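Here's the structure, in structure tokens; my notes come after.
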Amino acid sequence: YETLPGDLKVAATFYGNVQSRLGTLSGLMTPASLAPEVAARYPRCMDTRRFSPLLLLGDIASFVLFAIVGLSSHDEGYSPANFARVVLPFLLPWLAIAYLTGLYNRPTSSEPSSVVKPVLMAWLPAWGVGVALRSLVWGREFSPAFSIVTLVVNSAILLGWRAVAVMLLGKGEARAS
């Protein structure tokens, strides 16, 4: 732990705190016991037959692309700590919200415009949580300019990537039907 860079040390501490608090609940709530409750509350997220790993990997690549562009435009190095600082505060809430809203299920349409509403409905709260995580967990000062750039640029990257994915995956789904 002592050899970790500052940003990763903060993340490791946060993870350790969360893990220890969850450990105290382990006797009461296990993933198996929560599955029926989660499935009932979020029926779209638990459809493993329609899960698309391509959508998950493309989303991760979208956030990595944002980090590469951002780090290079500010002449910052591509260290693991820098990537963690830029990617994780926004990727983690996005993954959770996208999963819970069914965005990792294969699309049922091949229309690129069909991604706009669901992606924005998931990205806006993920962005808000990401801005908060960036300040609270990673210790970065709140910057309205960075927040707006993150909102706009990640919206464009996610919408562009998802539009292409829907055209590719949606056509495959239509052929399979």
Side-chain angles (χ1 to χ4, degrees), residues 1-26 29 31 34 38 42 44-45 51-105 115-166:
Y1 173 79
E2 292 302 320
T3 60
L4 291 174
D7 289 340
L8 289 178
K9 197 176 292 184
V10 170
T13 302
F14 175 74
Y15 176 76
N17 290 340
V18 169
Q19 188 178 25
S20 69
R21 290 195 179 150
L22 288 177
T24 61
L25 297 174
S26 64
M29 294 188 218
L34 286 176
V38 171
Y42 302 101
R44 295 176 56 199
C45 74
F51 175 75
S52 173
L54 179 64
L55 293 173
L56 174 65
L57 294 173
D59 285 356
I60 293 169
S62 297
F63 285 94
V64 169
L65 174 64
F66 173 77
I68 290 170
V69 170
L71 291 172
S72 67
S73 69
H74 294 288
D75 294 324
E76 297 184 41
Y78 298 122
S79 70
N82 283 346
F83 268 102
R85 171 178 60 80
V86 175
V87 173
L88 292 180
F90 297 97
L91 177 63
L92 296 177
W94 166 260
L95 292 175
I97 293 170
Y99 174 75
L100 290 174
T101 58
L103 285 177
Y104 291 119
N105 293 339
V115 302
V116 175
K117 183 179 178 183
V119 166
L120 290 179
M121 293 297 287
W123 171 235
L124 289 174
W127 167 78
V129 170
V131 168
L133 284 175
R134 184 175 183 268
S135 295
L136 298 173
V137 175
W138 275 268
R140 305 295 289 188
E141 185 176 317
F142 174 74
S143 167
F146 175 81
S147 299
I148 292 169
V149 166
T150 302
L151 175 66
V152 172
V153 173
N154 276 334
S155 293
I157 293 171
L158 284 168
L159 287 170
W161 142 245
R162 285 293 187 129
V164 170
V166 157

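Heavy atoms only: backbone and side chains are in, while hydrogens, waters and symmetry mates are out. Because the structure is predicted, anything quoted here is derived from the model rather than measured.
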Side chains of [X] and [Y]: closer than 4.5 Å at any heavy-atom pair?
X      : Y      : result
Leu120 : Leu159 : yes
Thr101 : Pro118 : no
Leu95  : Leu56  : yes
Thr150 : Val131 : no

What is the distance from atom [atom1] of [X] to atom [atom2] of [Y], rounded to the nearest 0.5 Å?
X      : Y      : atom1 : atom2 : value
Ile97  : Leu124 : CD1   : CG    : 9.5 Å
Leu71  : Ile68  : CG    : CD1   : 8.5 Å
Ile60  : Leu65  : CD1   : CG    : 14.0 Å
Tyr104 : Phe51  : OH    : CZ    : 8.0 Å

>> Keeping Ser135 on the side-chain end and Glu141 on the backbone end, is there a donor-acceptor pair under 3.5 Å?
In response: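 No.
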> Backbone N or O of Leu103 within a donor-acceptor pair of the Arg162 side chain at under 3.5 Å?
Replying inline: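 Yes; at least one donor-acceptor contact below 3.5 Å.
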> Judged by modelled atom types alone, do Trp94 and Asp59 share a side-chain donor-acceptor pair under 3.5 Å?
Replying inline: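 On atom types as modelled, these side chains qualify, holding a pair under 3.5 Å.
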Shortest non-hydrogen separation from [X] to [Y] and the atoms involved:
X      : Y      : answer
Leu88  : Trp138 : CB-CZ2, 3.6 Å
Pro93  : Ala126 : CG-O, 3.6 Å
Asn105 : Leu55  : O-CD1, 3.4 Å
Ser62  : Asn154 : O-OD1, 4.5 Å
Val87  : Ala67  : CG2-CB, 3.4 Å
Pro89  : Ala84  : CD-O, 3.4 Å

> Which word best sums up how the rings of Phe66 and Phe90 line up, parallel for under 30°, tilted for 30 to 60°, or perpendicular for over 60°?
Replying inline: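 Ring orientation of Phe66 relative to Phe90: perpendicular.
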> Is Arg134 close enough and on-axis enough to Phe146, meaning under 6.0 Å and within 45°, for cation-pi?
Replying inline: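 Judged by the rule (NZ or CZ under 6.0 Å from the ring centre, within 45° of its axis), Arg134 counts as positioned above Phe146.
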>> I need the single residue from Phe83, Trp127, Trp123 that forms a ring pair (Phe, Tyr, Trp, His ring centres under 6.0 Å) with Phe63. Which is it?
In response: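 It is Trp123; the other options fail the test.
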